[in-house]
Amino acid sequence: MAGVDEVGRGCLAGPVVAGAVVLDRDRPVQGVRDSKLLAPPDRERLAREIATRALAFALGVVDPDEIDRTDILRATLVAMRRAVEALRVRPEFVLVDALTIPGIATPQRGIVHGDRLSASIAAASIVAKFYRDEMMRFFHGLYPAYGFDRHKGYGTRDHFDALARYGPTPLHRSTFRGVRPEVAPAPPLFSTPGRVH
C-alpha cells in the first residue's frame, strides 16, 4: 500500500510537490506523523530514515509555470499522479490525503486528515515537505531578498513586503492573489456632477 500527500499547495512561490511512499512492515520507522507537527530536525531525520527503510518512495513536482497554466488543484493532482507512477514498486492500493487521483489504474481511497490517520500518508508528507524545503533553501541562494529559506514561499508579511518592494521572481505563481500588484480600477467613463452647496 502506498501513501500519497502533497506540500506547497498554498504557497505564493515554488513548486507543488507530492510524495508517495510504500512502507516496509518489516522495517518500521518510529515517530512518523503529519509533517506539519514535526520540528525541522526531526522531519529531516525521518525523511532520511524513510528513504532508507521504505520499500519505495518517489516524488512528483509541478513547477509554477505549470500551476499558472492550469490551476493549483489540477497541478496538485498531476504531482500526485507523477509520484505514484514513479514508484519502483507497484502498490496494490493507494491512500491519499483528502483527494483521489484521476488517471491512475490502482485502486485508491482519499482520507480526510489522512496525514494524521495513516502512517503511509504521513511518511509521504514528511518526504515531500523535506524535499520541497530543501528546494526553497536552494532558491533562497538565487533570490536572497525574498527569504525563501524562512517562509518557504508561503504568504508571510516578510514575503509580501519583498513582493511589494522587488516584484515577483520567475518562481512566483503569477495567477495567485498578492503576487502581482493589483491593477488599479479604470476611471468611470462618465462622472456625475458634484452636489452644489
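All residue numbers in this chain count up from 1 along the given sequence.
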- Task: Specify the closest pair of heavy atoms between A83 and G19, including all atoms of both residues, with the distance to one decimal.
- Result: CB-C, 4.2 Å
- Task: Could you tell me whether D24 and R53 have a side-chain N and a carboxylate O separated by less than 4.0 Å?
- Result: no
- Treating Ile, Leu, Val, Met, Phe, Trp and Tyr as nodes and any side-chain heavy-atom pair under 4.5 angstrom as an edge, say whether I104 and M80 lie in one connected cluster. yes
- Closest non-hydrogen atom pair between G14 and P64, with its separation: O-CG, 3.6 Å
- Message: Closer than 3.5 angstrom, by distance alone: can the side chain of D68 be matched with the main-chain N or O of T175 as a donor-acceptor pair?
- Response: yes
- Message: Are V179 and V16 linked, directly or through intermediate hydrophobic residues, by side-chain heavy-atom contacts shorter than 4.5 Å (ILVMFWY only)?
- Response: yes
- Heavy-atom check, side chain of L37 versus side chain of R116, under 4.5 Å: yes
- Item | Point-to-point distance, once rounded to the nearest 0.5 Å, from NE2 of H172 to OG1 of T169 | 4.5 Å
- E49 CD to D42 CG distance, which is reported to the nearest 0.5 Å: 11.0 Å
- Task: Establish whether V78 and I67 are linked, either directly or via other cluster members, by ILVMFWY side-chain heavy-atom contacts under 4.5 Å.
- Result: yes
- How about L38 and R33: do any of their side-chain heavy atoms sit closer than 4.5 Å? yes
- Applying side chain to side chain contact (heavy atoms under 4.5 Å, CB included), run through L46 and F130 and close with a yes or a no. CA-CA 9 Å; L46 286 167; F130 173 68; over 6 Å; no
- Taking atom NZ of K129 and atom CD of E44, what is their separation to the nearest 0.5 Å? 13.0 Å
- Do V7 and V32 share a hydrophobic cluster (ILVMFWY, side-chain heavy atoms under 4.5 Å, transitive)? yes
- Task: Check whether any side-chain heavy atom of S35 lies under 4.5 Å from a side-chain heavy atom of D115, and answer yes or no.
- Result: no
- Message: For the CD1 atom of I101 and the CD atom of E6, what is their distance to the nearest 0.5 Å?
- Response: 11.0 Å
- Task: Check L59 against Y131 and note the closest heavy-atom contact, atom names and distance.
- Result: CD1-CG, 3.4 Å
- Smallest separation among heavy atoms of P144 and G141, with atom names: CD-O, 3.9 Å
- Gap between atom CG of L95 and atom CE of M1 - 0.5 Å precision: 5.0 Å
- Would you say F148 has more than 12 foreign heavy atoms packed within less than 6.0 Å of its CZ? yes
- Task: Run the numbers on V62 and R74 for side chain to side chain contact (heavy atoms under 4.5 Å, CB included), then give the verdict.
- Result: CA-CA 10 Å; V62 174; R74 275 185 273 190; over 6 Å; no
- Message: Is there a side chain to side chain contact (heavy atoms under 4.5 Å, CB included) between C11 and M136? Walk through the geometry before answering.
- Response: CA-CA 11 Å; C11 292; M136 297 309 293; over 6 Å; no
- Message: With a 3.5 Å distance limit and no angle check, can you tell me whether R173 reaches the backbone of P15 through a side-chain donor-acceptor pair?
- Response: yes
- Quick check, are the ring centers of H151 and F139 under 6.0 angstrom apart? no
- Item | Of L117, D97, L99, the residue whose pairing with I111 passes side-chain contact (heavy atoms from CB on, under 4.5 Å) | L117
- Atom CG in D5, atom CG in D34: separation rounded to 0.5 Å? 7.5 Å
- Message: Tell me whether I50 shares a hydrophobic cluster with M135, the cluster being built from Ile, Leu, Val, Met, Phe, Trp, Tyr side chains joined at under 4.5 Å.
- Response: yes
- Considering non-hydrogen atoms only, spot the tightest contact between P102 and T100 and give its length. CD-O, 3.4 Å
- Within-4.5 Å side-chain heavy-atom neighbours: I126 and V21: no
- Task: Would you mind reporting whether L23 and P28 have side-chain heavy atoms less than 4.5 Å apart?
- Result: no
- Message: Set out, in order, the CA-CA distance, both residues' side-chain angles and the distance that settles side chain to side chain contact (heavy atoms under 4.5 Å, CB included) for V4 and Q108, then state yes or no.
- Response: CA-CA 10 Å; V4 180; Q108 62 180 306; over 6 Å; no
- Message: Within the structure provided, determine whether L163 and P168 are in side-chain contact (heavy-atom separation under 4.5 Å).
- Response: yes
- Query: Is the CZ atom of F138 crowded by more than 12 outside heavy atoms at less than 6.0 Å?
  - Reply: no
- Query: With a 4.0 Å cut-off, would you call E134 and R137 a salt bridge?
  - Reply: yes
- Query: Below 4.0 angstrom, N of the basic side chain to O of the carboxylate: do D65 and R69 qualify?
  - Reply: no
- Task: Taking all heavy atoms of G8 and all of Y154, pick out the closest pair and write down the distance.
- Result: N-OH, 3.6 Å
- Flag, side chain of R82 to backbone of A18, donor-acceptor distance under 3.5 Å: no
- Just wondering, are more than 12 heavy atoms of other shown residues or ligands nearer than 6.0 Å to CZ in R9? yes
- Query: Aromatic rings Y146 and Y143: how do their planes relate, parallel, tilted or perpendicular, breaks at 30° and 60°?
  - Reply: perpendicular
